[in-house]
Visitor: 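Before I ask anything, here is the structure I am working with.
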Amino acid sequence: MTADKSSPSPSPADQMRLSATILALAIFVPSIYLGSSQIGLYQEPSLIAAVMITSGLACSAAAGYAWWLSFANGYEENSLVAAGLLSSSLLVMAHGLLTPNALYDMNSGVAVAGQLSSLAYLPAFVYLVVSRGQITRGQNWRFISSASVGLGLLVSIWLLIAPDALTPMKPKTTSTLIIIVIAIVVGLLTAAHFVDLAQKFRQGRSFGIGVGLIFTASVPVFFYFGGPYTAAYWWTHGMCIAGTGIVAWMIWRRTRETEIIADVFASMITEKPMQTLEVYNSPRIMQMLRALDDPNDPRVKQALQSSRLLAEVSQERGLDRNVVLPTLKTMIESLESSPT
């Protein structure tokens, strides 16, 4: 009896955090080891180009479809994440096309494209992390999302036209280390945000997006150590493909469920403005929101409009969320008696 009381079972939130931490270690430790040891080397230009072009096309298609779905349905955070991954995927494809002795001769663009592919998500991800909890993000997310995709596409085309126009970063330098650390930290902060949402709102798809972003966050490690076509090269590119695929799949599933499954509102509450009001602090509100499970129910739209208005007023006037939540609860309770 005493042993049971002194060793309580970990909560689902603790289990999620532990799983994410273990996964991060399982991905980053091999990346650092393989990068520092520089073991393994495989050089077959045609095969390397084919693998990179194919993976770039697959990731671009997956991330591009996820971006379009998120953009069209107004999912701010999913759109920003998908836009960053699409931009990176386009540069991976350019990296494959520029492989020396395949379609191109020796050039500096292949290294530049590879390095930029691990940094291209920064504009969208930084905006997501910095504006977390701000309802006003809705004013700019479409522009940031579109600009991120456009920038990745333009840089990719530029490198293909002028492969020697830019000089790549030098491995194992202080400046490179600073840039790589920033990229990794931003990637992990974005992943942590989705893991946090999964804990608060019990959303499996949000946790899946966080897992995929942990995979992609490990990619910049390779570019500090360098070593083209070593084991580290293949490991980190594999993580990039896996991470992009997982994130895209989670977004596809979520959008599909929003259209056809009764869990529609449970998916929607992880978006603004529900995050801003921290509705997870009110079990009663969460219970009522999950009961609104029909996408055609007019109360769904009314609840979102009410919460957005309250979130805007709360931020404008600096109101305590604990004061605002009872008002939201009253509004949603009034909806329960409305005809569907």
Side-chain angles (χ1 to χ4, degrees), residues 27 30-31 34-35 38-67 82-122 148-149 151-169 171 176 180 183-184 187 212-213 215-249:
I27 294 170
S31 298
L34 293 174
Q38 296 289 286
I39 62 173
L41 180 63
Y42 182 81
Q43 288 183 303
E44 179 57 44
S46 297
L47 183 57
I48 292 170
V51 171
M52 289 297 103
I53 293 170
T54 302
S55 63
L57 279 170
C59 288
S60 295
Y65 185 52
W67 176 65
L85 295 180
L86 175 55
S87 185
S88 295
S89 299
L90 291 170
L91 283 158
V92 169
M93 187 161 55
H95 175 66
L97 290 168
L98 290 166
T99 301
N101 302 319
L103 300 177
Y104 283 75
D105 294 328
M106 293 298 298
N107 63 86
S108 62
V110 63
V112 173
Q115 292 174 350
L116 289 180
S117 69
S118 66
L119 306 174
Y121 59 74
L122 283 175
S148 179
V149 173
L151 182 62
L153 180 61
L154 289 175
V155 173
S156 299
I157 294 173
W158 181 32
L159 289 173
L160 292 174
I161 295 173
D164 293 309
L166 298 175
T167 302
M169 297 182 294
T176 299
I180 295 306
I184 292 172
L213 294 176
F215 278 70
T216 59
S218 68
V219 177
V221 171
F222 165 75
F223 294 102
Y224 172 73
F225 296 103
Y229 315 127
T230 60
Y233 175 90
W234 296 105
W235 172 265
T236 53
H237 279 79
M239 295 299 100
C240 178
I241 295 168
T244 301
I246 292 172
V247 172
W249 184 42

Visitor: Please examine the side chains of Met239 and Val221, heavy atoms only from C-beta on, and report whether any two atoms are closer than 4.5 Å.
Guide: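 They are not in side-chain contact.
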
Visitor: If you round to the nearest 0.5 Å, how far is OG1 of Thr236 from CG of Leu34?
Guide: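 Nearest 0.5 Å value for the CG-OG1 distance: 9.0 Å.
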
Visitor: If you define the side chain from C-beta out and look only at heavy atoms, does anything of Ile246 sit under 4.5 Å from Phe215?
Guide: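 The answer is yes; the side chains approach within 4.5 Å.
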
Visitor: Assess whether side-chain contact (heavy atoms from CB on, under 4.5 Å) is satisfied between Met169 and Leu119, documenting all intermediate values.
Guide: CA-CA 12 Å; Met169 297 182 294; Leu119 306 174; 4.3 Å; yes

Visitor: Give, for atom CG of Asp164 and atom CG of Leu159, the distance between the pair rounded to the nearest 0.5 Å.
Guide: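 If I round to the nearest 0.5 Å, the distance is 10.0 Å.
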
Visitor: To the nearest 0.5 Å, what is the distance between CE (Met106) and CG (Leu98)?
Guide: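 Taking CE in Met106 and CG in Leu98, the distance rounds to 11.5 Å.
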
Visitor: Quickly, which of Tyr229, Trp234, Tyr233 forms a ring pair (Phe, Tyr, Trp, His ring centres under 6.0 Å) with Phe222? Name it, please.
Guide: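 Checked Tyr229, Trp234, Tyr233 against Phe222; only one passes ring pair (Phe, Tyr, Trp, His ring centres under 6.0 Å): Tyr233.
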
Visitor: Could you tell me whether a side-chain N or O of Ser87 sits under 3.5 Å from a main-chain N or O of Ala83, the two making a donor and an acceptor?
Guide: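 Judged by distance alone, no pair lies under 3.5 Å.
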
Visitor: side-chain contact (heavy atoms from CB on, under 4.5 Å), that's the test. Do Trp67 and Leu85 meet it? Break it down for me.
Guide: CA-CA 9 Å; Trp67 176 65; Leu85 295 180; over 6 Å; no

Visitor: Determine whether Ser88 and Thr216 satisfy the following criterion, side-chain contact (heavy atoms from CB on, under 4.5 Å), listing intermediate values before the conclusion.
Guide: CA-CA 10 Å; Ser88 295; Thr216 59; over 6 Å; no

Visitor: Can you find a heavy atom in the side chain of Phe225 that is under 4.5 Å from one in the side chain of Thr230?
Guide: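 No; the side chains remain at least 4.5 Å from each other.
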
Visitor: How close do Ile184 and Pro220 get, counting heavy atoms only, and between which atoms?
Guide: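 Scanning both residues completely, I find the closest heavy atoms to be CG1-CB, 4.0 Å.
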
Visitor: Just how far is it from atom CD1 of Ile48 to atom CD1 of Ile53, taken to the nearest 0.5 Å?
Guide: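 Spacing of CD1 (Ile48) from CD1 (Ile53) equals 11.5 Å.
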
Visitor: Work out which heavy atom in Ala49 is nearest to a heavy atom in Ala102; give both atom names and the distance.
Guide: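 Heavy atoms of Ala49 and Ala102 come nearest at CB-CB, 3.7 Å.
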
Visitor: Please find the pair of heavy atoms, one from Ala217 and one from Tyr121, that lie closest to each other, and give the distance.
Guide: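 Reported closest heavy-atom pair: CA-OH, 4.5 Å.
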
Visitor: Could you tell me the separation between the CG atom of Leu122 and the OG atom of Ser148, rounded to the nearest 0.5 Å?
Guide: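 One gets 9.5 Å once the value is rounded to the nearest 0.5 Å.
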
Visitor: Looking only at atom types and distance, does a side-chain atom of Gln115 sit under 3.5 Å from a main-chain N or O of Pro168, one as donor and one as acceptor?
Guide: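 No, because the side chain of Gln115 does not come within donor-acceptor range (under 3.5 Å) of the backbone of Pro168.
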
Visitor: Could you tell me which non-hydrogen atom of Asn107 sits nearest to which non-hydrogen atom of Asp105, and how far apart they are?
Guide: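 Minimum heavy-atom contact is ND2-O, 2.8 Å.
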
Visitor: Could you label the plane-to-plane angle of the His237 and His95 rings as parallel, tilted or perpendicular, counting under 30° as parallel and over 60° as perpendicular?
Guide: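 Parallel: the ring planes of His237 and His95 meet at under 30°.
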
Visitor: Do other residues, nucleotides or ligands put more than 12 heavy atoms under 6.0 Å from the OH atom of Tyr65?
Guide: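 Counting neighbours around OH of Tyr65, 12 or fewer heavy atoms of other residues, nucleotides or ligands fall under 6.0 Å, so no.
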
Visitor: With the side chain counted from C-beta on, respond yes when Thr244 and Ser89 share a heavy-atom pair under 4.5 Å apart, and no when they do not.
Guide: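 They are in side-chain contact.
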
Visitor: Please name the pair of heavy atoms, one in Ser218 and one in Ile27, separated by the smallest distance, quoted to 0.1 Å.
Guide: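 Reported closest heavy-atom pair: OG-CG2, 3.3 Å.
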
Visitor: What's the separation between atom OH in Tyr224 and atom OG1 in Thr176, rounded to the nearest 0.5 Å?
Guide: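 Taking OH in Tyr224 and OG1 in Thr176, the distance rounds to 8.5 Å.
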
Visitor: Could you pull out the closest heavy-atom pair between Val92 and Ser117, with the gap in Å?
Guide: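 Answer, listing the atom of Val92 first, then Ser117: CG2-CB, 3.8 Å.
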
Visitor: For Leu57, does its backbone N or O pair with a side-chain atom of Ser60 as donor and acceptor, under 3.5 Å?
Guide: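 Flag not set: sc Ser60 to bb Leu57 has no pair under 3.5 Å.
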
Visitor: Check the pair Ile241 / Cys59 against side-chain contact (heavy atoms from CB on, under 4.5 Å), numbers first and verdict last.
Guide: CA-CA 6 Å; Ile241 295 168; Cys59 288; 4.1 Å; yes

Visitor: Without swapping roles, check the side chain of Ser108 against the backbone of Leu166 for a donor-acceptor pair under 3.5 Å.
Guide: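 At least one qualifying donor-acceptor pair exists.
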
